[in-house]
There are 2 protein chains.
Amino acid sequence: MGSEDRLQRITMTPAARRVLEAAARLFYERGIHAVGVDLIAAEAGVTKKTLYDRFGCKEQIVVEYLADRDERWRAFLAGHLDAAPAAPAARVLAVFDASREWAAQHSHKGCSMVNAHAEISDPAHPAYPIITGQKQWMLTLFTDLARDIIPERAGHLGRTLMLLHEGALVAQGLNIYADPIGHAREQAHALLAAT
Amino acid sequence: MGSEDRLQRITMTPAARRVLEAAARLFYERGIHAVGVDLIAAEAGVTKKTLYDRFGCKEQIVVEYLADRDERWRAFLAGHLDAAPAAPAARVLAVFDASREWAAQHSHKGCSMVNAHAEISDPAHPAYPIITGQKQWMLTLFTDLARDIIPERAGHLGRTLMLLHEGALVAQGLNIYADPIGHAREQAHALLAAT
DNA sequence: GGGTAGGTATACAGATCGGTATAGTTAAGG
DNA sequence: CCTTAACTATACCGATCTGTATACCTACCC
């Protein structure tokens with residue numbers, strides 16, 4: 001949480017919000033390097049001057065895009081976990097349910113973090129820790145949930161759930177077959193039942 | 001096979017080969033849009049004119065890059081499958097072994113097809129069928145292998161293996177934890193043993 | 001021995017890139 | 001009433017982008 005605060009601190013005026021919305025849509029849909037600031041400004045209905053007054057540089061827009069997406073996803077997931085039954089296995093399945101719903105709404109092209117990682121190679125890039133941070137956080141989450149099921153093999157189970165989840169996101173983005181997240185959920189269910 | 005022949009047909013002179021090698025390395029490492037033709041030509045020790053005489057346009061270099069990588073991977077995998085025991089389960093594990101070895105050698109940043117898909121949004125792009133084609137081919141392979149184990153649930157098992165495999169490639173590329181492909185192999189083994 | 005294929009070297013064209021400069025507008029707040 | 005923040009509009013900068021043009025070299029092959 002602290003890391004996002006240090007990175008993502010920008011006066012979120014109405015125009016800035018429109019810029020971020022347009023940038024998020026374009027970056028996700030076409031890729032980061034393929035989208036220029038002129039296009040972002042035009043799509044946001046905003047002058048380039050305003051854009052640069054708010055964000056300073058394109059790199060900062062990228063950082064805000066990923067940090068915002070990360071924040072929204074965590075909040076979305078938290079909502080699903082709060083609404084889920086207390087049974088440990090049900091909470092694991094709630095993660096997959098959240099992912100399926102999220103994918104249907106915002107991400108038909110796979111995980112934005114994975115996609116961004118394909119374009120951002122330099123670990124010194126300010127957006128880099130956001131990408132790896134979310135994945136580490138997800139692994140920790142799965143491991144924590146696994147600890148309530150089989151404490152002695154929490155790490156092992158957590159890593160397996162992570163694999164199923166990431167694989168499902170890729171399969172969903174590349175349209176390899178229908179409803180891979182549902183399939184992953186089913187596999188997770190079988191895995192937990194066998195324990 | 002037929003589709004690659006139609007797409008990838010370029011006179012592979014020594015200079016063209018050097019261009020392709022440089023482009024493959026740079027595209028994979030830094031992303032496709034982030035790498036310019038001038039850099040490719042310089043790294044290949046070749047004039048821009050030669051580059052354009054061989055490939056015509058940058059897009060064609062991208063196509064050759066992905067088609068070549070796809071071809072190499074399939075040949076690499078075929079070698080591992082040929083060397084594997086005839087037992088169906090062993091052949092499944094051989095795929096994961098091949099992936100682990102391939103990743104250690106050529107791909108520390110995840111699957112080049114998935115990464116390229118993050119940058120190529122347009123399905124009309126000539127490289128698009130190469131990307132989706134490889135994933136479909138892998139799903140078919142897993143399903144065919146699964147058919148020799150439990151014919152009545154081959155599709156189901158094939159999709160699960162695909163999930164584990166894709167998830168492992170992502171986890172490996174993002175460095176989420178150590179040796180995810182080995183972990184996926186282990187899970188595949190447990191899955192087949194339980195059948 | 002002349003044509004052709006595969007090169008090198010260099011210069012350039014037109015578009016687009018990220019980013020800046022200048023000038024003016026509008027609304028809120030002490 | 002005057003300042004300031006948040007904007008619009010437009011023009012511009014230098015760098016970099018994909019792609020082309022011109023001229024020359026060299027080996028091979030019929």
Side-chain angles (χ1 to χ4, degrees), chain A residues 8-66 116 118-122 124-128, chain B residues 8-66 116 118-122 124-128:
Chain A
Q8 180 194 25
R9 209 33 56 186
I10 280 222
T11 341
M12 262 306 175
T13 64
R17 212 171 300 274
R18 291 208 312 277
V19 166
L20 194 52
E21 278 168 22
R25 180 169 41 85
L26 291 167
F27 283 160
Y28 182 73
E29 219 73 44
R30 310 189 191 179
I32 293 171
H33 284 133
V35 172
V37 287
D38 296 81
L39 179 59
I40 296 174
E43 291 275 305
V46 152
T47 322
K48 250 171 74 170
K49 172 135 191 325
T50 302
L51 184 150
Y52 275 101
D53 279 348
R54 295 298 123 233
F55 293 90
C57 62
K58 183 188 177 182
E59 198 175 65
Q60 188 62 36
I61 307 182
V62 176
V63 169
E64 299 285 336
Y65 155 55
L66 292 173
E119 297 199 69
I120 299 172
S121 38
D122 184 13
H125 192 289
Y128 205 86
Chain B
Q8 180 194 25
R9 207 35 55 187
I10 279 223
T11 342
M12 261 307 172
T13 64
R17 212 171 301 273
R18 289 206 319 273
V19 167
L20 195 51
E21 277 167 20
R25 180 169 42 83
L26 290 166
F27 283 160
Y28 182 72
E29 219 72 42
R30 310 189 191 179
I32 293 171
H33 285 132
V35 172
V37 288
D38 296 80
L39 178 61
I40 296 173
E43 291 275 304
V46 152
T47 322
K48 250 171 73 172
K49 172 143 192 320
T50 301
L51 184 150
Y52 275 101
D53 279 349
R54 295 297 122 237
F55 293 89
C57 61
K58 184 189 176 181
E59 197 174 68
Q60 188 62 36
I61 306 182
V62 176
V63 169
E64 299 286 335
Y65 155 55
L66 292 173
E119 297 199 72
I120 299 173
S121 37
D122 185 12
H125 192 290
Y128 205 85

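First the proteins, then the strands, lettered A, B, ... as listed; each starts at 1.
- The separation between B/Leu51 atom CG and D/dT20 atom C1' is 13 Å, rounded to whole Å.
- With rounding to whole Å, A/Leu39 atom CG is found 8 Å from C/dC17 atom P.
- No donor-acceptor distance shorter than 3.5 angstrom exists from the side chain of A/Thr47 to the backbone of A/Thr50, with no hydrogens or angles considered.
- B/Arg18 pairs by the side chain to side chain contact (heavy atoms under 4.5 Å, CB included) definition with B/Ala44, B/Val46, not counting sequence neighbours.
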Are there any protein N/O atoms within less than 3.5 Å of an N/O atom in nucleotides 10-18 of chain D, and if so, which ones and at what distance?
{"unit_1": "D/dT18", "atom_1": "OP1", "unit_2": "B/Lys58", "atom_2": "NZ", "d": "2.9"}
{"unit_1": "D/dT18", "atom_1": "OP2", "unit_2": "B/Val37", "atom_2": "N", "d": "2.9"}

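- Between A/Leu39 and A/Arg30, the closest side-chain pair of non-hydrogen atoms falls below 4.5 Å.
- Taking atom CZ of residue B/Phe55 and atom C1' of nucleotide C/dG6, one finds them 14 Å apart after rounding to whole Å.
- Judged as a salt bridge (charged side-chain N to carboxylate O under 4.0 Å, His left out), and not counting sequence neighbours, the contacts of A/Glu43 are A/Arg25.
- Across the protein-nucleic acid pair, A/Ile61 atom CD1 and C/dC17 atom C1' stand 14 Å apart, rounded to whole Å.
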A/Ile61/A/Leu51 under side chain to side chain contact (heavy atoms under 4.5 Å, CB included): CA gap, chis, key distance, verdict:
CA-CA 9 Å; A/Ile61 307 182; A/Leu51 184 150; 3.7 Å; yes

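- Under the rule for a salt bridge (charged side-chain N to carboxylate O under 4.0 Å, His left out), A/Arg17 has no partner lying at least two apart in sequence or in another chain.
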Stepwise side chain to side chain contact (heavy atoms under 4.5 Å, CB included) check, B/Ile32 with A/Glu119
CA-CA 8 Å; B/Ile32 293 171; A/Glu119 297 199 69; over 6 Å; no

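- Rounded to whole Å, the distance from CG on A/Asp53 to C1' on C/dT20 is 11 Å.
- Both B/Arg18 and A/Gly56 sit near DNA chain C, but only B/Arg18 has its closest nucleotide nearer the 5' end.
- Note: CD1 (A/Ile40) to P (C/dG19) measures 11 Å, nearest angstrom.
- Between A/His125 and A/Val62, the shortest heavy-atom contact is CE1-CG1, 4.5 Å.
- Here C/dG19 presents its C1' atom at 15 Å from CD of A/Gln60, a figure rounded to the nearest Å.
- OP1 or OP2 of D/dC7 sits under 4.0 Å from a side-chain N or O of A/Arg54.
- With sequence neighbours left out, A/Glu29 forms a salt bridge (charged side-chain N to carboxylate O under 4.0 Å, His left out) with no residue at all.
- In this model, the phosphate group of C/dG7 is approached by a side-chain N or O of B/Thr13 to a distance below 4.0 Å at OP1 or OP2.
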Full working for side chain to side chain contact (heavy atoms under 4.5 Å, CB included) between B/Val19 and B/Arg54:
CA-CA 9 Å; B/Val19 167; B/Arg54 295 297 122 237; over 6 Å; no

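- Under the 4.5 Å side-chain criterion, counting only non-hydrogen atoms from C-beta, B/Ile120 is in contact with B/Tyr128.
- A heavy-atom distance below 4.0 Å to DNA chain D is reached by none of the residues of residues 20-29 of chain A.
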Kindly give the atom pairs (protein nitrogen or oxygen, nucleotide nitrogen or oxygen) under 3.5 Å for nucleotides 27-30 of chain C.
none

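- Following rounding to the nearest Å, A/Met12 (CE) and D/dC7 (P) show an atom-to-atom distance of 11 Å.
- Within the structure, every side-chain polar atom (N or O) of A/Thr11 is placed at least 4.0 Å from both OP1 and OP2 of D/dA5.
- Applying the ring pair (Phe, Tyr, Trp, His ring centres under 6.0 Å) test to residues at least two apart or on different chains, the pairs with a partner in residues 21-55 of chain A are A/Phe27-A/Tyr65.
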